[in-house]
Every structure is written in structure tokens, then in C-alpha cells.
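Okay, structure first, notes after.
The basis for the numbers below is simple: all heavy atoms, side chains too, and nothing from hydrogens, waters or symmetry mates. Just so we're clear, the structure is a prediction, and the values are computed from it rather than from any experiment. Lettering follows sequence order; numbering is per chain, from 1.
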There are 2 protein chains.
Amino acid sequence: MEAGNTRSYHHGDLDAALVAAGYELARAGGADAVTLRATTRRAGVSPAAAYRHFSSHEDLQLAVGARAMADLARSIEVHQADATDPDPAVRARQRLIAVGEGYIGFALDSPGAFDIAMFGLFTMEHAFAPETMGDTGRTPFQLLTDAIADLVAVGLLAAERAEPAAITCWSTVHGFATLATSGPLRTHPRPELDALGARIVRGLTDALLR
Amino acid sequence: MEAGNTRSYHHGDLDAALVAAGYELARAGGADAVTLRATTRRAGVSPAAAYRHFSSHEDLQLAVGARAMADLARSIEVHQADATDPDPAVRARQRLIAVGEGYIGFALDSPGAFDIAMFGLFTMEHAFAPETMGDTGRTPFQLLTDAIADLVAVGLLAAERAEPAAITCWSTVHGFATLATSGPLRTHPRPELDALGARIVRGLTDALLR
DNA sequence: ACTCCGATGTTTACGTTGTTCACATTCGGT
DNA sequence: ACCGAATGTGAACAACGTAAACATCGGAGT
């Protein structure tokens, strides 16, 4: 009795169903809401069933986090769609700014999803995992390094400054996103955070590129 | 039967004893290790006893976090002790760099303490709480804003750029610290992280101050 | 000096969580 | 049509946060 689009067994594609259920919980309540029992409950299945697909609670949370990370990539991609300046140098700069704004925008729009995406904070190989790729087949980290590479190619950034520049950008944007979603800035009104975020991203790129 | 230095009741100063016990657990295992039961166990007391001093588990964790935050302030103060250049402008710059290096150094030296310090990520008023002050009576956040204010006073930074500059510094340093302790950079060898951190802090201040 | 009250700590209990193990059901190949 | 492997269930366990009833201690007031 196949449903058609997905392979079917006892309850359909439970693996994906659990990730979907966990993602809904995460969006509503952050990483802590993605409890093993709540997730299986929402998927209409017994707690132990999760162990046929995930080796532990943490493993499930990482899978949900990967799903969230893919949405983060998509958010960056959407912002990058506006980077259409004919001048390659200007466009490269726009693309880097889009990374920062997409990252921050995603965190502010869906703090719960952002929280689970950063759960455990993944490892470096996690930053290249296919499950965390957006629609263009690139992970958030790759979108950042791509943008930096473009800046080098276009002559706006010295090659030997590429690595620290990438880490600086990542740190700043990530730091601001966490301070703004779960940190001391969390009580600031949204428009103020948007303005502050935009100002920081632009100020940082200006500062880095001469 | 007073012990002398501390007021005594049933078990001595349980409030402080619990924070101390929790801090040891946090240093060894991060915020998650500061479980209510483990902390009371280590203090030689029953779990429910904690509720005479803290309204909830989270409340206890926040108290332990404040203790860790005070140590963070002390780490910054130690680094700032080296900022002794006779030129006030150079000294102001040194002091800002010391904030970043003290922050990052503390995170790398005691990731568990750093983790609990950032637990819940505190609120803005938490950033001014006396329990989080170092030996100079200033909190980490205040040490940062002090340094920025000095730069303005000395003419190295325009006054209207002070606030975004402060948030940028905070974001970058905080972001790098989390990426380096619990993030994808966590597997990098320590000396490499030290060098990277120093390079980022210096590069950022150079970029911000013209 | 004695009593009493409030502050402090204990015991017991409840519900929730992650996890495991023995058991039941279903699917797919032969 | 069967059988083994894959998948889901049920019951159980230890650990957790929390609450309520009970015990004990110290100091204030007579």
C-alpha cells in the first residue's frame, strides 16, 4: 500500500515524519522543546520507535538541526537573489552582505529553528553535510566562503586575509544572532534589531574591505 | 557555633555552597552538568534543600552563571593590566583589545564556565548585576562599554558610532568564543585558536578605528 | 532561662524524560 | 506461501525537577 511518493512501511516514512514533527516543535519552542517523547507523540508513534531511526535523542536533535540549517541556507539564498548589480565587484560585496542579512533575518524570523540549527553546534564536517544544503546545493558555511572567494577573485580582498575575514564575518553575524535571539538584546523591538543588524553587517564589510 | 568568617546555620552558608558546588560541576561539564540533584548531592544535602535558596533549577543555574561571569570579568581585568602605554590613545586601544582577548581567553581556558556564564543568555539588567562584577567592580559588559567610551574620549571613535561598535565587538568576540568552544572550530588545536582569536580581535579593532 | 516561631533541611511522592529489552507486526524476497 | 529482516509496541528502569508534609535548629521575646 504505497502512498506513491514515499517508500512505505509501517507508518509511512517515519524517519522524515520524526524530523518534521521535531522541526515543528523546535520552531515553537527551540531545541529544548524537541524532546524524544514529544516528537514521537506528535508523530503518533511510541517513544521507542524513534530508536529504529536515530541512535539517541541527541542524534534526532541533530537531524532536526540539519533540517533547520537547510532553511537557513535558503534564507541566505533568497537574500542573495537581490545581488544583481552588473559590476562584479559591487555584486560580490552585495552577496557577502546577503549572507549576513539572510543569517540574521532567519534567526530573528524563526528563533526556535535557529536555536535547533545551532544545537550542539555541529562539527566542521557537519558544515558540509548534504542535509544542510539549501536549494542551490550549498550549505550556509559554503555560501559564506563562496562570497569571500568572490571578493578575492574580484580584487577586493587579499587572499591571505580570506580565512580570518571569513571567521570574523561568521563570528560577528553568529554572535549578533545569538545575542539578539536568546541574549541580552532579545527584548529589543524587532525593527530596532533589524536596523542594528543591517548596520553591523554593512559596517563590518566596509571595515573589512578597506 | 559560628565558624568565624561566615554566618552559620544548619549547614554553614548553603546558598554559597550550592553555587560553589554548581560551579565545579559547570567547569567540568558545562551548563548541562549543573543539575539540581547533582549540585545538592555534591554539597552533601538533599535535593529539596535547594528550594530554600533558589526558586527553581533555572534560578540556581543563573546564580552559578553569575559567578562564572564574575570570573570572566576578572579575566578581562587581568589582560587589561598590561595596557600601560603612556599615550592615552594607544592605551585606550590596548584596553579594548584586552577585553576581546580576556573574553576569548576565558572561554578557551574554561569552556564549561563560559558555557554556564552564557546560560539562558541573561538579560540586559543581568549585565549590570553586582554578582557578575569582577575585582574592579565592573561587569564584562561594562568593561567593554568603558573601553569604547575611552576611545571616543580620546578621539579615535566618533560618538555616534559608539553603540554599533560596541555591539559589533561584543558580537564578534562572543561569536568566535562560542564557535571555538562549542562550535565547529572546537576541534582546532588550542594554539591555532589563540592565534586566530588574537588576529581577529586586532583586525577588528584596526577595521573599526579607521 | 524558657518557650515558641520562623528559617532551614529531610522524606516521600509524583510526573516526565531518555533508554533498553522482550515481544508483536509487517514487508519483501524466495 | 513462507521466513527472515525490518519496523513498531509495551513495560520497565534510573535520573531528573518539583511539591507537600514533616523534622530540627537558632534566635527573639518574655
Side-chain angles (χ1 to χ4, degrees), chain A residues 1-26 28-66 112 115-116 119-120, chain B residues 1-26 28-66 112 115-116 119-120:
Chain A
M1 229 126 293
E2 312 78 29
N5 49 355
T6 70
R7 295 186 52 250
S8 83
Y9 26 76
H10 282 189
H11 279 78
D13 193 344
L14 183 54
D15 193 315
L18 287 174
V19 171
Y23 196 37
E24 294 175 25
L25 290 170
D32 290 344
V34 186
T35 190
L36 193 153
R37 294 183 105 107
T39 305
T40 52
R41 212 179 293 135
R42 178 174 271 258
V45 108
S46 84
Y51 287 87
R52 300 294 176 192
H53 302 270
F54 302 97
S55 66
S56 68
H57 175 219
E58 185 185 7
D59 195 32
L60 168 62
Q61 284 179 297
L62 286 173
V64 176
D115 188 40
I116 190 79
F119 170 81
Chain B
M1 229 128 292
E2 310 79 28
N5 48 357
T6 70
R7 295 188 53 249
S8 82
Y9 28 76
H10 283 189
H11 280 79
D13 193 344
L14 183 54
D15 193 315
L18 286 175
V19 171
Y23 196 36
E24 293 175 26
L25 291 170
D32 289 345
V34 187
T35 189
L36 194 153
R37 293 181 106 107
T39 305
T40 53
R41 209 180 296 133
R42 178 174 272 258
V45 107
S46 82
Y51 286 87
R52 301 295 176 191
H53 302 271
F54 302 96
S55 66
S56 68
H57 175 218
E58 185 185 6
D59 196 32
L60 168 62
Q61 284 178 297
L62 286 173
V64 177
D115 187 40
I116 190 79
F119 170 80

Both E58(A) and G44(B) contact DNA chain C. Taking the nearest nucleotide for each, which residue is further toward the 5' end?
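Closest to the 5' end, via its nearest nucleotide, is G44(B).
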Which dot-bracket string fits DNA chain C when only Watson-Crick or G-U wobble pairs with both atom distances under 3.5 Å count, crossing pairs get [ ], and | stands for a partner on a different strand?
||||||||||||||||||||||||||||||
With A49(A), which residues qualify under side chain to side chain contact (heavy atoms under 4.5 Å, CB included), at least two apart?
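L14(A), V45(A), S46(A).
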How would you list, by chain and number, every residue that makes a side chain to side chain contact (heavy atoms under 4.5 Å, CB included) with A66(B), sequence neighbours excluded?
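With sequence neighbours excluded, A66(B) shows a side chain to side chain contact (heavy atoms under 4.5 Å, CB included) to H126(B), E131(B), T132(B), given in chain and number order.
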Quick one: does any side-chain atom of H57(B) pair with a main-chain N or O of V34(B) as donor and acceptor, under 3.5 Å?
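Judged by distance alone, yes, a pair lies under 3.5 Å.
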Can you check the [X] [atom1] to [N] [atom2] distance for me, whole Å?
X      : N       : atom1 : atom2 : result
D32(B) : dG17(D) : CG    : P     : 11 Å
Q61(A) : dG18(C) : CD    : P     : 8 Å
F54(A) : dA6(D)  : CZ    : P     : 18 Å
D13(A) : dA6(D)  : CG    : C1'   : 14 Å

Which atoms form the tightest heavy-atom contact between [X] and [Y], and what is the distance?
X       : Y       : answer
L36(A)  : A50(A)  : CD2-CB, 4.1 Å
I116(A) : A26(A)  : CG2-CB, 3.8 Å
A38(B)  : A33(B)  : CB-O, 4.3 Å
A31(B)  : D115(B) : N-OD2, 2.8 Å
S56(B)  : Y51(B)  : CA-CE2, 4.2 Å

Taking only nitrogen or oxygen atoms into account, show me every contact under 3.5 Å that the protein makes with nucleotides 12-16 of chain D, one pair per line with its distance.
residue: dC16(D); atom: OP2; partner: R41(B); partner atom: NH2; Å: 2.6
residue: dC16(D); atom: O3'; partner: T35(B); partner atom: OG1; Å: 2.8

Could you walk me through whether F54(A) and L62(A) pass the side-chain contact (heavy atoms from CB on, under 4.5 Å) check?
CA-CA 10 Å; F54(A) 302 97; L62(A) 286 173; over 6 Å; no
Between H53(A) and dG8(D), does any side-chain N or O lie under 4.0 Å from OP1 or OP2?
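Answer yes for this pair, as a side-chain N or O of H53(A) is under 4.0 Å from OP1 or OP2.
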Please collect all salt bridge (Lys or Arg N to Asp or Glu O under 4.0 Å) contacts where either partner lies in residues 17-26 of chain A, sequence neighbours excluded, each pair once.
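Of all non-adjacent pairs touching residues 17-26 of chain A, those that pass salt bridge (Lys or Arg N to Asp or Glu O under 4.0 Å) are E24(A)-R42(A).
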Got a sec, which pairs hit salt bridge (Lys or Arg N to Asp or Glu O under 4.0 Å) with one end in residues 44-66 of chain B, sequence neighbours left out?
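Listed once each, the pairs would be none.
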Contacting residues from residues 18-26 of chain A, given that a heavy atom lies under 4.0 angstrom of DNA chain C
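When residues 18-26 of chain A is checked for heavy atoms under 4.0 Å from DNA chain C, there are no hits whatsoever.
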What side-chain hydrogen bond (donor to acceptor under 3.5 Å, both in side chains) pairs are there with at least one residue in residues 29-41 of chain A, not counting sequence neighbours?
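Every pair satisfying side-chain hydrogen bond (donor to acceptor under 3.5 Å, both in side chains) with a residue in residues 29-41 of chain A: there are none.
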Atom pairs, N/O to N/O, protein against nucleotides 20-22 of chain D, distance under 3.5 Å?
none

